[in-house]
A.B. asks: 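Just passing along the structure, written as structure tokens.
If you're wondering where the values come from, they're calculated on a predicted model, not measured in any experiment. Residues: numbered from 1 along the sequence shown.
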Amino acid sequence: MDEQIKQIGERLRGLRDVLDIDKQEIAALCGITTEQYEKMESGESELSVANLQKISKEYGISLDVLMFGEEPHMRNYFLTRKGQGMRVERRKAYQYESLASGFRGRKADPFIVTVEPKPANTPKEMNSHSGQEFNMVLEGTMELTIGSKVLILNEGDSIYFDATQPHGMRTLNDKPVRFLAIIF
């Protein structure tokens with residue numbers, strides 16, 4: 001995981017260098033401090049897919065290039081076999097498996113997300129990003145907070161929501177949760 005995070009940080013630094021963007025500009029775009037961004041770029045902090053998506057949209061670079069270092073090539077379709085999607089662990093407890101990483105110009109980013117349980121007293125990390133999001137629980141139970149509303153989603157439950165609202169999740173019952181997340 002640490003090596004993947006460092007590689008993403010290197011790609012962010014390369015993007016800044018090529019486009020001559022200062023750290024403060026990207027930090028402001030992400031709604032974080034310059035120090036937090038520097039830690040992200042150096043691979044010392046956890047990466048938010050929401051922030052990577054903001055950067056990719058703002059600077060016209062594929063999310064796949066930032067996350068996986070590869071440009072998508074397929075135009076008509078892209079098939080992902082079970083368990084074969086491009087993977088990245090953006091932090092210790094989160095693993096993302098991209099289901100459409102090879103499709104060019106896609107309008108949505110679908111992922112299978114696996115989240116490991118954390119101690120009950122761990123604060124829930126909230127984030128927001130442009131667009132909308134769809135989540136469907138495949139295994140386990142999650143607590144999803146959207147704004148001030150707290151919802152419990154069990155296996156088979158799904159939710160579609162405005163992703164500009166602060167949202168965050170945690171696993172319940174001290175078990176991992178797997179869910180389909182589609183970011184539009």
Side-chain angles (χ1 to χ4, degrees), residues 1-73 85-111 113-116 118 121-135 144-149 161-170 181-184:
M1 174 192 72
D2 292 337
E3 187 57 34
Q4 289 176 323
I5 300 276
K6 286 179 183 174
Q7 288 174 359
I8 292 170
E10 288 171 9
R11 288 190 283 274
L12 288 171
R13 188 171 34 260
L15 173 69
R16 266 192 334 93
D17 289 345
V18 166
L19 297 179
D20 196 27
I21 305 164
D22 61 31
K23 295 175 186 177
Q24 294 82 1
E25 182 178 326
I26 294 182
L29 172 69
C30 295
I32 58 177
T33 67
T34 302
E35 292 77 25
Q36 288 171 309
Y37 175 76
E38 287 171 342
K39 286 184 178 180
M40 206 166 105
E41 196 174 271
S42 69
E44 295 175 41
S45 84
E46 299 175 346
L47 300 170
S48 159
V49 171
N51 282 337
L52 291 174
Q53 187 180 47
K54 287 176 189 175
I55 294 166
S56 77
K57 286 183 178 183
E58 178 70 19
Y59 300 108
I61 186 167
S62 167
L63 181 61
D64 296 324
V65 171
L66 289 178
M67 289 182 72
F68 308 114
E70 294 185 18
E71 183 72 43
H73 300 288
M86 297 279 293
R87 294 175 188 259
V88 67
E89 290 184 32
R90 71 170 176 95
R91 56 171 94 155
K92 196 172 191 176
Y94 280 70
Q95 179 182 17
Y96 283 78
E97 178 183 356
S98 176
L99 301 178
S101 61
F103 192 85
R104 293 180 78 169
R106 64 184 177 273
K107 307 280 189 247
D109 289 301
F111 297 95
V113 183
T114 304
V115 182
E116 296 297 325
K118 293 182 180 178
N121 61 350
T122 304
K124 192 181 304 176
E125 179 184 322
M126 303 292 280
N127 66 64
S128 63
H129 50 87
S130 65
Q132 301 167 341
E133 188 167 330
F134 171 82
N135 293 168
L144 177 66
T145 301
I146 302 172
S148 61
K149 185 73 174 173
F161 60 94
D162 174 359
T164 64
Q165 299 299 306
H167 57 280
M169 61 81 59
R170 79 171 96 230
I182 304 175
I183 303 169
F184 300 90

A.B. asks: State the NZ-NE2 distance between Lys57 and His129, to the nearest 0.5 angstrom.
C.D. replies: 8.5 Å

A.B. asks: Take Leu144 and Phe161 through the side-chain contact (heavy atoms from CB on, under 4.5 Å) test and state the conclusion after the steps.
C.D. replies: CA-CA 11 Å; Leu144 177 66; Phe161 60 94; 4.2 Å; yes

A.B. asks: Using the rule side chain to side chain donor-acceptor pair (under 3.5 Å), only one of Arg16, Lys6, Lys23 pairs with Glu41; which is it?
C.D. replies: Arg16

A.B. asks: Check whether any side-chain N or O of Arg106 sits under 3.5 Å from a backbone N or O of Ala100 as a donor-acceptor pair, and report yes or no.
C.D. replies: yes

A.B. asks: Go through the steps for Glu133 and Asn135 under the test side-chain hydrogen bond (donor to acceptor under 3.5 Å, both in side chains), then give the verdict.
C.D. replies: CA-CA 7 Å; Glu133 188 167 330; Asn135 293 168; 3.0 Å; yes

A.B. asks: Would the distance check show the side chain of Glu58 and the main-chain N or O of Ile55 forming a donor-acceptor pair, the cut-off being under 3.5 Å?
C.D. replies: no

A.B. asks: Using atom types as modelled and distance alone, determine if a side-chain donor or acceptor of Arg11 lies under 3.5 Å from a backbone N or O of Leu66.
C.D. replies: yes

A.B. asks: Would you say Ser42's side chain and Glu38's backbone share a donor-acceptor pair under 3.5 angstrom?
C.D. replies: yes

A.B. asks: Can you tell me how far CD of Gln36 sits from SG of Cys30, rounded to the nearest 0.5 angstrom?
C.D. replies: 10.0 Å

A.B. asks: Counting distance only, does the side-chain N/O of Arg13 pair as donor-acceptor with the main-chain N or O of Ile8 below 3.5 Å?
C.D. replies: no

A.B. asks: To the nearest 0.5 Å, what is the distance between OH (Tyr37) and CD1 (Ile32)?
C.D. replies: 8.0 Å

A.B. asks: For residues Asn127 and Glu125, is any side-chain donor paired with an opposing acceptor at under 3.5 Å?
C.D. replies: no

A.B. asks: Closest approach of Ala181 and Val113, non-hydrogen atoms and distance?
C.D. replies: CB-CG2, 4.0 Å

A.B. asks: Which is it for Leu99 and Asp109 under the side-chain contact (heavy atoms from CB on, under 4.5 Å) test, yes or no, and what are the steps along the way?
C.D. replies: CA-CA 8 Å; Leu99 301 178; Asp109 289 301; over 6 Å; no

A.B. asks: Name all residues meeting the side-chain hydrogen bond (donor to acceptor under 3.5 Å, both in side chains) criterion together with Lys39; count only those two or more places apart in sequence or in a different chain, and write none if there are none.
C.D. replies: none

A.B. asks: Of the options Leu15, Val65, Ile61, which is the one that meets Ser56 in a side chain to side chain contact (heavy atoms under 4.5 Å, CB included)?
C.D. replies: Ile61

A.B. asks: State the OG1-NE2 distance between Thr164 and His167, to the nearest 0.5 angstrom.
C.D. replies: 9.5 Å

A.B. asks: At what distance, to the nearest 0.5 angstrom, does CD of Gln24 lie from CG of Leu29?
C.D. replies: 13.5 Å

A.B. asks: For side-chain contact (heavy atoms from CB on, under 4.5 Å), just list the numbers for Met40 and Leu12, CA-CA rounded to whole Å, side-chain angles, deciding distance to a tenth of an Å, and then say yes or no.
C.D. replies: CA-CA 9 Å; Met40 206 166 105; Leu12 288 171; 3.8 Å; yes

A.B. asks: Under a plain distance cut-off of 3.5 Å, with no hydrogens placed, do Thr145 and Lys124 share a side-chain donor-acceptor pair?
C.D. replies: yes

A.B. asks: From Phe184 CZ over to Lys107 NZ, what is the distance, rounded to the nearest 0.5 angstrom?
C.D. replies: 12.5 Å

A.B. asks: Should Phe134 and Ile183 be marked as a side-chain contact (heavy atoms from CB on, under 4.5 Å) after you check the CA-CA gap, both sets of side-chain angles, and the distance that decides it?
C.D. replies: CA-CA 7 Å; Phe134 171 82; Ile183 303 169; over 6 Å; no

A.B. asks: Can you name the ring-ring contact (aromatic ring centres under 6.0 Å, His included) partners of Tyr59, sequence neighbours left out?
C.D. replies: none

